*Asks:* 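Got a structure for you, questions after.
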2 protein chains.
Amino acid sequence: MTTTGAREDRVFAALANATRREVLRLLRDEGPQAVQALAEHFDMRRPSLSEHLKVLREAGLVSEQRAGRQRIYRLEAEPLAEVQDWLHPYERFWRRRLKGLGDLLDRMPDDEVT
Amino acid sequence: MTTTGAREDRVFAALANATRREVLRLLRDEGPQAVQALAEHFDMRRPSLSEHLKVLREAGLVSEQRAGRQRIYRLEAEPLAEVQDWLHPYERFWRRRLKGLGDLLDRMPDDEVT
DNA sequence: ACGATAGGTAGGCAATTCCCTACACGTCAA
DNA sequence: TTGACGTGTAGGGAATTGCCTACCTATCGT
């Protein structure tokens with residue numbers, strides 16, 4: 001926790017919502033598109049979607065590009081790369097299950113594996 | 001969005017807080033430990049930490065094991081493995097930068113690469 | 001049995017979230 | 001230039017978050 005983790009806070013918080021994750025998936029699978037097109041997929045008023053897009057923008061997960069009266073949104077995956085980096089030191093904790101190097105973790109009383 | 005993503009919501013929301021991420025790091029780097037030991041690292045009253053632990057528990061990110069009057073908390077990395085799985089389809093969006101397979105993404109007007 | 005210790009729960013409070021309706025702003029078409 | 005269109009912003013309201021100060025429960029040592 002050197003800085004404050006404020007940026008990571010914003011990225012994880014942005015991902016902690018199904019609507020916003022679905023926006024990311026749409027931009028990933030269907031490419032950059034305007035708010036109009038995105039909105040078709042949600043049962044929600046436009047201003048609400050606008051606010052979700054703002055959260056994604058402020059987390060750096062999407063960028064917008066003005067095209068006439070439209071705003072084309074595009075996926076920006078870099079924060080997700082950072083999430084993957086953050087995840088990395090935890091990997092051995094589930095690779096353990098697959099490779100059986102249990103004793104990497106200090107004495108774990110394996111009698112409660114639930 | 002087949003189910004509701006409610007579980008993923010809980011995991012990402014749990015990670016969207018520096019205190020909780022620090023708890024996970026401590027459990028990762030120093031092994032399972034009691035609330036006492038964890039609490040030393042935070043400028044916060046115990047009940048607040050208890051609530052953070054509850055959030056982590058409900059997200060499946062930690063488990064507790066009673067030992068006398070102590071509760072030993074342990075990292076449970078499976079939800080993090082799920083996050084990595086979730087991340088996977090996005091990888092090509094930053095690998096692209098490194099490997100130059102830009103045209104995998106449907107026509108991206110690359111005039112705005114920032 | 002008594003008090004101290006470890007930790008959770010209750011309830012309060014300010015701030016934030018996520019939805020809404022109303023409105024403001026820039027752009028395009030006529 | 002007048003209007004319709006595409007989006008964002010303002011402001012409100014219910015629910016949730018993250019902290020706090022009590023307080024309750026369970027275990028341990030004596």
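Every chain is numbered from 1 and lettered A, B, ... according to where its sequence line falls, protein lines coming before strand lines. Predicted model, so just to flag it, every value in this text is computed and none were measured.
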*Asks:* Going by side-chain contact (heavy atoms from CB on, under 4.5 Å), name the residues that satisfy it together with A13(A), two or more places apart in sequence or in a different chain.
*Replies:* A16(B)
*Asks:* Starting from P on dA6(C), measure out to CG on L38(B) and report it in whole angstrom.
*Replies:* 14 Å
*Asks:* Partners of Q36(A) by side-chain hydrogen bond (donor to acceptor under 3.5 Å, both in side chains), sequence neighbours excluded?
*Replies:* Q70(A)
*Asks:* Within the structure provided, determine whether L27(B) and L38(B) are in side-chain contact (heavy-atom separation under 4.5 Å).
*Replies:* yes
*Asks:* In chain order, what residues pass the side-chain hydrogen bond (donor to acceptor under 3.5 Å, both in side chains) check against R20(A), with sequence neighbours excluded?
*Replies:* H52(A)
*Asks:* Tell me: CZ of R10(B) to P of dT16(D), nearest whole Å?
*Replies:* 13 Å
*Asks:* Going by the rule side-chain contact (heavy atoms from CB on, under 4.5 Å), which residues pair with A39(B) if we only count those two or more places apart in sequence or in a different chain?
*Replies:* R46(B), L49(B)
*Asks:* Which residues pass the salt bridge (charged side-chain N to carboxylate O under 4.0 Å, His left out) test with E82(A), not counting sequence neighbours?
*Replies:* R7(A)
*Asks:* Please name all residues satisfying side-chain contact (heavy atoms from CB on, under 4.5 Å) with A59(A), sequence neighbours left out, ordered by chain then number.
*Replies:* V11(A), A14(A), L61(A)
*Asks:* Within the 4.0 Å limit for protein heavy atoms, which parts of nucleotides 17-24 of chain C are touched? Write it as a string from 5' to 3', B for base, S for sugar-phosphate only, - for none.
*Replies:* -SBBBB--
*Asks:* Grab the CZ-P distance between R71(B) and dC28(D) for me, whole Å please.
*Replies:* 12 Å
*Asks:* Rounded off to whole Å, could you give me the CG-to-C1' distance for the L56(A) and dG8(D) pair?
*Replies:* 15 Å
*Asks:* Output the rounded distance in Å from CD (E64(B)) to P (dG8(C)).
*Replies:* 6 Å
*Asks:* With sequence neighbours excluded, tell me which residues meet side-chain hydrogen bond (donor to acceptor under 3.5 Å, both in side chains) with E8(B).
*Replies:* none
*Asks:* If only side-chain N and O atoms of Y73(B) are considered, is one of them under 4.0 Å from the OP1 or OP2 phosphate oxygen of dA6(C)?
*Replies:* no
*Asks:* Check nucleotides 25-27 of chain D against the protein and report each pair of N or O atoms closer than 3.5 Å, with its distance, or say if there are none.
*Replies:*
none

*Asks:* Decide, yes or no, whether a salt bridge links R25(A) with E22(A) under the criterion of side-chain N to carboxylate O below 4.0 Å.
*Replies:* yes
*Asks:* With sequence neighbours left out, what residues match R57(A) under side-chain hydrogen bond (donor to acceptor under 3.5 Å, both in side chains)?
*Replies:* Y73(A)
*Asks:* Mind calculating the distance between CD (Q36(A)) and C1' (dC28(C)) to the nearest angstrom?
*Replies:* 13 Å
*Asks:* What is the separation between atom CG on L49(A) and atom C1' on dT9(D), rounded to the nearest whole Å?
*Replies:* 15 Å
*Asks:* Which residue pairs satisfy the ring-ring contact (aromatic ring centres under 6.0 Å, His included) criterion with at least one member in residues 5-24 of chain B, sequence neighbours excluded?
*Replies:* F12(B)-W86(B)
*Asks:* Let me check the geometry of the helix from dA1(C)-dT30(D) to dA30(C)-dT1(D). What is the bend angle between the axes at its two ends, five pairs each, to 10°?
*Replies:* 20°
*Asks:* In whole Å, what is the span from the CD atom of Q65(A) to the P atom of dT7(D)?
*Replies:* 13 Å
